[in-house]
Asker: 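Can you keep this structure in mind? I'll have questions shortly.
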Amino acid sequence: MPFGLEPITALAVGVGAVILAPVVTSIGSALGKDSNLNESLLESTREVTKKGIVWSFEVLESAQTIFSEAEESFRDLLADAKTEHLQKKDHTENSERTQAHEVEIVEEVNN
């Protein structure tokens with residue numbers, strides 16, 4: 001594979017951060033009078049976001065494993081098919097060379 005799923009992971013993390021940042025800031029500004037509530041809200045949002053990112057990493061890691069196994073299975077299948085094709089080709093060429101030919105035996109007379 002020319003690249004793994006790392007760019008997708010980076011994109012997912014970036015998009016998640018871009019989406020959550022304004023929401024958390026807006027809620028924090030709206031609730032700015034109660035700093036304890038604001039801190040609690042920011043901390044819980046941070047924890048939920050972190051759990052989501054961890055879950056994303058686990059899913060992407062599993063997907064990479066599945067794709068790697070599928071690629072290996074496909075390469076094995078291709079190798080088996082190529083081997084079978086070459087064996088049939090060799091068998092065909094060998095049978096054409098070893099087919100019975102009519103031969104005439106001529107007796108030689110010694111005088």
Side-chain angles (χ1 to χ4, degrees):
M1 229 189 245
F3 63 90
L5 293 175
E6 290 82 12
I8 296 171
T9 303
L11 180 64
V13 170
V15 168
V18 167
I19 290 172
L20 287 177
V23 172
V24 172
T25 304
S26 298
I27 292 173
S29 296
L31 301 173
K33 296 177 184 176
D34 188 1
S35 63
N36 289 336
L37 180 61
N38 189 17
E39 288 177 23
S40 174
L41 181 62
L42 288 174
E43 185 61 31
S44 62
T45 303
R46 182 180 183 280
E47 287 300 314
V48 169
T49 304
K50 183 171 70 171
K51 286 180 183 178
I53 292 170
V54 168
W55 179 80
S56 298
F57 285 137
E58 291 170 356
V59 168
L60 290 173
E61 189 175 282
S62 296
Q64 281 181 324
T65 301
I66 290 168
F67 287 130
S68 294
E69 290 173 359
E71 180 183 16
E72 183 179 343
S73 294
F74 185 70
R75 288 179 187 257
D76 290 344
L77 182 64
L78 283 176
D80 290 345
K82 185 174 183 178
T83 300
E84 186 176 324
H85 169 70
L86 291 175
Q87 286 174 345
K88 285 182 180 180
K89 184 177 176 183
D90 288 344
H91 179 70
T92 303
E93 289 174 357
N94 287 339
S95 64
E96 286 176 358
R97 280 188 241 143
T98 59
Q99 285 182 350
H101 297 284
E102 194 172 307
V103 178
E104 182 179 335
I105 300 176
V106 179
E107 283 187 37
E108 190 177 310
V109 179
N110 287 334
N111 288 340

Asker: How many angstroms lie between CG in Asp80 and CZ in Arg75, if you round to the nearest 0.5 Å?
Answerer: 14.0 Å
Asker: Please write out which residues are connected to Phe74 in a hydrophobic cluster, directly or through intermediates, given that two of Ile, Leu, Val, Met, Phe, Trp, Tyr count as joined at side-chain heavy-atom separations below 4.5 angstrom.
Answerer: Leu78
Asker: Listed by chain and number, what are the salt bridge (Lys or Arg N to Asp or Glu O under 4.0 Å) partners of Lys82, not counting sequence neighbours?
Answerer: none
Asker: Looking at CG of Asp90 and NE2 of His85, how far apart are the two atoms once the value is rounded to the nearest 0.5 Å?
Answerer: 9.5 Å
Asker: Not counting sequence neighbours, which residues clear salt bridge (Lys or Arg N to Asp or Glu O under 4.0 Å) with Glu58? List them please.
Answerer: none
